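All of these numbers come straight from a predicted model, not from anything done at the bench.
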Amino acid sequence: AFMTGLMMLLLYYFFRININQEDIQFRNFIGKKRTFSIKDMDYKPTNHGYILYHKGKRITYLNEAFVNHTFLLRAFYF
């Protein structure tokens, strides 16, 4: 139980999705950053969220919690 709690705390602290007008930046729980241009992205709606694609390659899935509660995305519009 302790390790599960520690992993959830690390995931909450390090995982980020920052969105601005030109790109989306993902940071995983070990701190690795990836940036994708919005103009090269596409999405596919599912029953419970969206699958995001960059140049035809799946990059992530956003479930309905992220879609319905956008404050979870930590979005910044400049």
(request) Applying side-chain contact (heavy atoms from CB on, under 4.5 Å), name anything that partners K33, two or more places apart in sequence or on another chain. (result) Q25, R27
(request) Look up atom NZ in K55 and atom CG in D42, then write down how far apart they are to the nearest 0.5 Å. (result) 13.5 Å
(message) As an exercise, state the distance from CD1 of I51 to CD1 of I59, rounded to the nearest 0.5 Å.
(response)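 Separation between the atoms: 11.5 Å.
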(message) Checking Y43 now: which residues fulfil ring-ring contact (aromatic ring centres under 6.0 Å, His included) with it, not counting sequence neighbours?
(response) Y50
(request) State, yes or no, whether a side-chain contact exists between Y61 and H48 at a heavy-atom distance under 4.5 Å. (result)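 With C-beta onward as the side chain, the pair touches.
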(message) Within the structure provided, determine whether I24 and H54 are in side-chain contact (heavy-atom separation under 4.5 Å).
(response)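 Of all side-chain heavy-atom pairs linking H54 with I24, none is under 4.5 Å.
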(message) To check you understand the geometry: which heavy-atom pair defines the closest contact between L52 and F26, and what is its length?
(response)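 Where L52 meets F26 most closely, the heavy atoms are CD1-CZ, 4.3 Å.
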(request) For N20 and I38, work out which heavy atoms get closest and say how close. (result)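 In terms of heavy atoms, the two residues are closest at O-CD1, 3.2 Å.
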(message) Taking atom CE as the centre, does M41 end up with more than 12 heavy-atom neighbours from other residues, nucleotides or ligands that are less than 6.0 angstrom away?
(response) yes
